[in-house]
Amino acid sequence: MRLILILISGMLVSCAVGCGGGSAGSPGKETVVASFYPLAYAAQEVGDGRVDVSNLTPAGAEPHDLEVSPQDVAAIREADLVLLLGRGFQPQLEDAAGSGNNVLRLLDTPGLGLHPDGDPHVWLDPLRYAKIVGRIGQALHEPAAAARLQGRLRALDGEYRTGLAHCERREIVTSHEAFGYLAERYGLEQVAITGLSPEVEPEPAKLQHVVELVRERGVTTIYFETLVSPRIAETVARETGAKTAVLNPIEGLTKDEVSQGESYFSLMRTNLRTLREGLGCS
């Protein structure tokens, strides 16, 4: 019975940050509204049960495409703290939130070293994500809890450094340009079939360039994502004889991932195993 209760409790925490939707909050708890999963997860971990966290991006939804509902606007206005990535990642939410003292736009966190192309996917680099965690910890007045989560992220960084140190290939061919920060951190080369927007179709010349590169460099795996169609990745794989595999940008959890109790750390470790297999790492 005790084991069952522990499992149920874990699933409820995962759903709180992964499922999306507003929350009325609990009496006496600070209410935090986060625009999408990585920010909700960080707030939940740092808040350590002392805050109510709502994720405005529903499970299985692509956060770039989120349309704000009246319920979302009400949740934002009633929240003690609003966490946004900012810089146009979710423009409707950013417009609804405004620029009050309780609104954090986390791409403005000092020291992130943002790429000039506007790539927002900083959370896929554990050390950049740790800086965001630190800023959330300051806002929630929980520096010790933030430091513990940052320590786990540094350990994850160590796993990636070790796991990707000795590989036959360094190119990661992806359907969406989401892995630039991860690639930079671990000495990989991202070759994206489409740009920063996963819904934009690639130009025929770009598609042909990727096909030729895959053949020339002996790339064996084309990576696609959980929340967007694999069609373009499958096209390149079919043309080159490569296989496809999922590389998760962790922009949100699917409903299956929520039900299985997945989290940022478990998905990042799955990504590491997938990369090691695709890159021929020893």
Side-chain angles (χ1 to χ4, degrees), residues 38 62-65 89 112-129 156-252 254 264 266-282:
E62 222 291 329
H64 299 268
D65 301 332
F89 180 69
L112 284 182
L114 297 177
H115 291 173
D117 62 0
D119 184 355
H121 301 87
V122 291
W123 61 91
L124 292 173
D125 171 1
L127 299 187
R128 283 181 167 93
Y129 190 36
L156 179 65
D157 170 67
E159 293 176 34
Y160 265 76
R161 288 183 186 278
T162 300
L164 298 175
H166 305 288
C167 304
E168 296 174 7
R169 294 169 293 280
R170 307 304 293 179
E171 301 88 359
I172 53 172
V173 179
T174 62
S175 61
H176 168 205
E177 194 176 356
F179 299 92
Y181 294 106
L182 184 149
E184 177 187 65
R185 180 66 67 188
Y186 304 112
L188 305 176
E189 179 186 352
Q190 175 183 234
V191 179
I193 303 170
T194 64
L196 291 171
S197 174
E199 304 301 333
V200 175
E201 291 283 329
E203 296 289 334
K206 171 68 171 178
L207 197 59
Q208 184 60 33
H209 170 74
V210 173
V211 167
E212 291 173 359
L213 182 145
V214 168
R215 289 172 175 159
E216 290 171 3
R217 301 197 189 181
V219 173
T220 63
T221 307
I222 313 300
Y223 298 103
F224 67 95
E225 301 177 14
T226 50
L227 298 179
V228 297
S229 169
R231 181 177 57 82
I232 293 172
E234 289 171 346
T235 297
V236 173
R238 187 167 56 250
E239 289 290 321
T240 60
K243 64 180 180 180
T244 59
V246 171
L247 196 61
N248 197 327
I250 320 181
E251 294 180 343
T254 66
Y264 172 84
S266 67
L267 294 175
M268 282 292 285
R269 290 188 173 106
T270 297
N271 279 349
L272 177 56
R273 289 192 295 272
T274 301
L275 286 169
R276 282 177 50 80
E277 180 179 351
L279 297 176
C281 304
S282 58

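Note: hydrogens, waters and symmetry copies are ignored here, and every other heavy atom, side chains too, is used.
Of the possible polar contacts, one joining the Arg215 side chain to the Glu239 backbone as a donor-acceptor pair under 3.5 Å is found. Panel note: side chain Glu62, backbone His64; a donor-acceptor pair is recorded below 3.5 Å.
In this structure, Arg217 and Glu189 have side chains that are in contact, with non-hydrogen atoms separated by less than 4.5 Å. Using a 4.5 Å cut-off on side-chain heavy atoms (C-beta onward), His121 and Glu251 make contact. Side-chain contact between Val246 and Thr274: absent, with no pair of heavy atoms (C-beta onward) separated by less than 4.5 Å. The shortest distance between side-chain heavy atoms of Met268 and Leu124 falls below 4.5 Å. The closest side-chain heavy-atom distance from Asn271 to Tyr160 is below 4.5 Å. Inter-residue side-chain proximity for Leu114 and Arg128 is flagged as unmet; no heavy-atom pair is nearer than 4.5 Å.
Under the side-chain contact (heavy atoms from CB on, under 4.5 Å) criterion, Glu212 pairs with Gln208, Glu216, sequence neighbours left out. For the side-chain contact (heavy atoms from CB on, under 4.5 Å) test, residues two or more places apart in sequence or in another chain that qualify with Arg161 are Leu127, Asp157, Arg185, Tyr186. The ring pair (Phe, Tyr, Trp, His ring centres under 6.0 Å) search around Phe179 returns none, not counting sequence neighbours. For Arg276, the side-chain contact (heavy atoms from CB on, under 4.5 Å) test picks out Leu164, Leu272, Cys281, with sequence neighbours left out. Glu277 pairs by the side-chain contact (heavy atoms from CB on, under 4.5 Å) definition with Lys243, not counting sequence neighbours.
In this pair, Tyr129 and Tyr264 present their aromatic rings tilted. The plane angle is within the 30 to 60° band.
Pairs engaging residues 189-244 under the disulfide (SG to SG under 2.5 Å) rule: none recorded [sequence neighbours left out].
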